Amino acid sequence: MTTLLRMQEVAVTRSTRPVLHSATLALHHGERLAVRGGIGAGKSTLLLAALGLMEHQSGSIELLGQRCRVEDDFAPHRGKVGLLFQDPDDQLIGPTVLEDVEFGPLNLGWDAHRAHHAADDALDQVGLLHLSERPVHELSGGEKRLVALAGLLAMKPTVLLLDEPTVSLDNDTTERIIEILLASKLSMLIATHDPLCIDRLATRSVLLDRGAITDQSESVHQV
């Protein structure tokens, strides 16, 4: 079984406060691994560290089969590994929906035609193609979350890192997000404390508590 992400005894300190001290997990191809934990458990920090967006002080991280320590190690994997932030306002940068979703592919060096086609496909996946020309600031919170997800899907990733993907969403949008993620067939690391998200999405779950993964639970669904 191919291991897409491996974190071994990872420690992260933020503003002199230890957040992770012994975080160990492995995400395998085809898995949707949920990291459970309450507010402040360190779930967001775990995802940021996994993609090199937050420095880890000790331990090891392997991403797509390569050991990653510094920015130059992590950078080539961004695009293949997409991170959905908990707050879409931290992720959306384009003036319109289409321009925002095109940004990632263009940043990867794709030509304008290919980036435009990928953006259209991704917006169609999330059901927002009709909003292509809508200014981002006019979107609802749920629409922003869907546009941020489309921006990741447009880059044709191998792995998604999802930070509370269903938080603060109404029931209909939550169901829509879950259905889109299931249909994508992508491997995922999902940081969440939403029982519905875990039940519907996760093939396996672990608990992050006091900076460490304290249990490695069995599979809860078959892929």
Side-chain angles (χ1 to χ4, degrees), residues 1-14 19-20 23-35 42-88 90-94 98-123 125-126 147-165 180-181 184-191 213 223:
M1 186 178 293
T2 303
T3 301
L4 302 175
L5 169 66
R6 187 182 302 277
M7 305 178 76
Q8 187 72 33
E9 300 292 324
V10 170
V12 176
T13 298
R14 302 183 68 172
V19 180
L20 303 177
T24 296
L25 60 78
L27 174 69
H28 305 294
H29 177 74
E31 281 193 316
R32 296 186 298 271
L33 174 60
V35 179
K43 301 188 301 299
S44 296
T45 298
L46 183 79
L47 297 189
L48 292 170
L51 198 50
L53 299 176
M54 184 164 292
E55 183 181 3
H56 62 288
Q57 281 70 53
S58 62
S60 64
I61 299 175
E62 292 180 15
L63 200 54
L64 303 182
Q66 296 184 356
R67 176 77 177 267
C68 296
R69 177 62 200 176
V70 297
E71 171 63 17
D72 286 348
D73 301 330
F74 286 101
H77 299 300
R78 294 175 191 147
K80 285 295 183 184
V81 182
L83 172 60
L84 185 70
F85 287 83
Q86 183 175 153
D87 184 349
D90 291 337
Q91 192 151 7
L92 302 178
I93 59 175
L98 180 61
E99 289 171 293
D100 187 89
V101 178
E102 286 178 328
F103 177 83
L106 290 171
N107 198 47
L108 292 175
W110 298 9
D111 63 51
H113 177 76
R114 183 184 177 194
H116 184 89
H117 182 71
D120 277 352
D121 280 351
L123 285 170
Q125 273 185 268
V126 304
V147 170
L149 178 57
L152 300 182
L153 295 175
M155 293 186 283
K156 309 301 182 186
T158 300
V159 184
L160 291 178
L161 309 182
L162 307 169
D163 191 357
E164 298 286 4
I180 292 165
L181 292 172
S184 77
K185 304 297 185 183
L186 292 170
S187 304
M188 302 172 199
L189 183 65
I190 311 157
I213 303 294
V223 179

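For clarity, every value in this text was computed on a predicted model and none was experimentally measured. Start at 1 with the first residue, then count along the sequence. What's counted below: heavy atoms across the whole structure, side chains too, no hydrogens, waters or symmetry copies.
Heavy atoms only, all atoms of each residue included: T45 and M54 are closest at CG2-SD, 3.7 Å. Contact record, T24 with E9: OG1-N, 2.8 Å, taken as the closest heavy-atom pair. Contact record, R67 with G59: NH2-O, 4.2 Å, taken as the closest heavy-atom pair. For A26 against T3, the heavy-atom pair with the smallest separation is CB-CG2, 4.3 Å. Across every non-hydrogen atom of A50 and I61, the tightest pair is O-CG2, 4.0 Å. Summarising the geometry of I180 relative to Q125, their closest heavy-atom pair is CG1-O, 3.9 Å, with the distance given to 0.1 Å.
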Legend entry - Derivation and outcome, side chain to side chain contact (heavy atoms under 4.5 Å, CB included), residues L53 and R78: CA-CA 10 Å; L53 299 176; R78 294 175 191 147; 3.7 Å; yes
Inset, instruction - Under the side chain to side chain contact (heavy atoms under 4.5 Å, CB included) rule, what do H56 and M7 come out as? Steps first, then yes or no, please. - result: CA-CA 11 Å; H56 62 288; M7 305 178 76; over 6 Å; no
Inset, instruction - Starting from the C-alpha separation in whole Å, work towards a yes-or-no answer on side chain to side chain contact (heavy atoms under 4.5 Å, CB included) for F103 and L92. - result: CA-CA 10 Å; F103 177 83; L92 302 178; over 6 Å; no
Inset, instruction - Decide yes or no on side chain to side chain contact (heavy atoms under 4.5 Å, CB included) for R32 and L160, but give the supporting numbers first. - result: CA-CA 9 Å; R32 296 186 298 271; L160 291 178; over 6 Å; no
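The number of heavy atoms from other shown groups lying within 6.0 Å of CZ (R6) does not exceed 12. Within 6.0 Å of atom NE2 in H117, 12 or fewer heavy atoms from other residues, nucleotides or ligands are found, so the atom counts as exposed in its surroundings.
Taking CG from L4 and NZ from K80, the interatomic distance works out to 11.5 Å, rounded to the nearest 0.5 Å. The OG atom of S184 lies 8.0 Å from the CG atom of L149; values are rounded to the nearest 0.5 Å. Here CG of L51 is found 11.5 Å from CG of L46. Values are rounded to the nearest 0.5 Å. Atom CE in M1 sits 10.5 Å away from atom CG in L27 (nearest 0.5 Å). For the atom pair CG of L189 and NZ of K43, the computed distance is 12.0 Å after rounding to the nearest 0.5 Å. Atom CG of D121 is separated from atom NE2 of H116 by 10.0 Å, given to the nearest 0.5 angstrom.
For the pair V101/V147, a side-chain contact is recorded, criterion being any heavy-atom separation below 4.5 Å from C-beta on. With a 4.5 Å cut-off on side-chain heavy atoms, L186 and P157 count as touching. Considering only heavy atoms from C-beta on, L181 stays 4.5 Å or farther from I190 through its side chain. Residues V159 and L161 have side chains in contact (heavy-atom distance under 4.5 Å, counting atoms from C-beta outward).
Between L5 and the options V81, L63, L64, a side chain to side chain contact (heavy atoms under 4.5 Å, CB included) holds for only L63.
Side-chain atoms of D73 never come within 3.5 Å of backbone atoms of C68 as a donor-acceptor pair (strictly under, hydrogens ignored). Looking at Q91, its side chain does come within 3.5 Å of a backbone N or O of L83 through a donor-acceptor pair. A donor-acceptor pair under 3.5 Å is absent between the side-chain atoms of Q86 and the main chain of E164, judged by distance alone. Put simply, the side chain of S187 gets close to the backbone of G30: a donor and an acceptor are under 3.5 Å apart. Without hydrogens or angle criteria, D100 side chain to I93 main chain gives a donor-acceptor distance under 3.5 Å.
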